[in-house]
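Working notes, structure below.
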Amino acid sequence: MEYSEKVMDHFMNPRNVGEISDASGVGTVGNAKCGDIMKVYLKIENNIIEDAKFKTFGCGAAVATSSMATELVKGKTVQEALQVTNKAVMEALDGLPPVKVHCSCLAEEALHAALWDYAEKNGIVIEGLKKPVNDIEALHHHEEE
């Protein structure tokens with residue numbers, strides 16, 4: 001399996017690993033099929049994502065996609081963060097092998113779950129944000145049919 005240099009870099013030297021103790025929003029998403037679990041923490045001030053951290057239990061591609069996803073949302077508004085899709089994460093990493101594409105979906109879902117948590121805690125509605133799923137496998141099974 002070929003990984004791009006960027007994927008390898010984010011796997012070997014992941015950015016933003018850890019947790020934010022007073023996080024504005026926390027999202028946890030897993031994939032029962034491959035056993036990956038991703039937890040994303042967001043610190044949001046005045047609608048801007050000041051900080052983003054993650055903890056990922058999974059393969060190298062899962063670590064790399066969470067690292068890149070947290071990098072991409074830092075400094076962005078909540079609305080801009082919604083534009084960070086799995087495709088955006090993959091492009092930023094110069095692509096992923098087909099069997100690892102689900103890892104980028106996990107990153108997108110975990111991010112959305114953290115934003116959802118933030119919205120719930122603050123009683124706000126984030127335009128375009130859907131309720132997250134806990135197990136991404138259910139989501140993809142649906143798309144493939």
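Any value given below was found using the heavy atoms of this structure, including those in side chains, with hydrogens, waters and symmetry copies removed. The structure presented is a predicted model; accordingly, all values stated were derived computationally and were not measured.
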Test item: K39 and F54 side chains (from C-beta on) under 4.5 Å apart, heavy atoms: no
Run K53 and E19 through side chain to side chain contact (heavy atoms under 4.5 Å, CB included) and show every step you take. CA-CA 6 Å; K53 292 206 182 309; E19 31 192 293; 5.8 Å; no
Salt bridge between D36 and K100, side-chain N to carboxylate O under 4.0 Å? no
Minimum heavy-atom separation for V63 to P14, with atom names? CG1-CB, 3.9 Å
Taking the side chain from D117 and the backbone from V26, do they hold a donor-acceptor pair closer than 3.5 Å? yes
Given the rule that I, L, V, M, F, W and Y join up when any side-chain heavy atoms are under 4.5 Å apart, are L129 and V125 in one cluster? no
So, do K76 and I48 sit near enough that their side-chain heavy atoms are less than 4.5 Å apart? no
Considering all heavy atoms of both residues, which atom of V101 and which atom of L96 are nearest to each other, and what is their separation? CA-CD1, 4.3 Å
Any chance you could measure S66, atom OG, to I37, atom CD1, to the nearest 0.5 Å? 12.0 Å
In one Ile/Leu/Val/Met/Phe/Trp/Tyr side-chain cluster, 4.5 Å: M90, M8: yes
Compare all side-chain heavy atoms of M38 with those of K55 and state whether any distance is below 4.5 angstrom. no
Give, for atom OG of S21 and atom OH of Y41, the distance between the pair rounded to the nearest 0.5 Å. 10.0 Å
Hey, could you give me the CG/CD distance between D9 and E5, rounded to the nearest 0.5 Å? 9.0 Å
Checking N16 against E71 for the side chain to side chain contact (heavy atoms under 4.5 Å, CB included) test, could you report, in this order, the C-alpha distance in whole Å, the side-chain angles of both residues, the deciding distance, and whether it holds? CA-CA 8 Å; N16 314 312; E71 280 289 272; 3.0 Å; yes
dist S4:OG -> H10:NE2 (nearest 0.5 Å) comes out at 9.0 Å
Output for pair (L82 CG, E108 CD), nearest 0.5 Å, gives 9.0 Å
Less than 4.5 Å apart, any side-chain heavy atom of T65 and any of L106? no
Any donor-acceptor pair under 3.5 Å from E91 side chain to A88 backbone: no
Check A64 against V7 and note the closest heavy-atom contact, atom names and distance. CB-O, 3.6 Å
Decide side chain to side chain contact (heavy atoms under 4.5 Å, CB included) for V84 and L111; before the verdict, give the C-alpha distance in whole Å, the side-chain angles of both, and the deciding distance to 0.1 Å. CA-CA 9 Å; V84 177; L111 195 60; 4.0 Å; yes
Heavy-atom distance under 4.5 Å between the side chains of I44 and E50, does that happen here? no
Looking at every non-hydrogen atom in both residues, tell me the closest pair between K131 and W116 and how far apart they are. N-CZ3, 3.4 Å
OG-CZ distance between S67 and R15, expressed to the nearest 0.5 angstrom: 5.0 Å
So which atom in V40 and which in A110 form the shortest heavy-atom distance, rounded to 0.1 Å? CG2-CB, 3.6 Å
So do D51 and I20 actually touch side chain to side chain, heavy atoms under 4.5 Å? yes
Tell me, do T70 and L42 make a side-chain contact under 4.5 Å, heavy atoms counted? no
Which heavy atom of A92 sits nearest a heavy atom of K6, and at what distance? O-CD, 3.0 Å
Flag yes if more than 12 heavy atoms outside K87 fall under 6.0 Å of its NZ atom; otherwise flag no. no
Find out whether I126 and Y118 are in side-chain contact, i.e. whether some heavy atom of one side chain is under 4.5 Å from a heavy atom of the other. yes
Is atom CG of N46 surrounded by more than 12 heavy atoms (other residues, nucleotides or ligands) closer than 6.0 Å? no
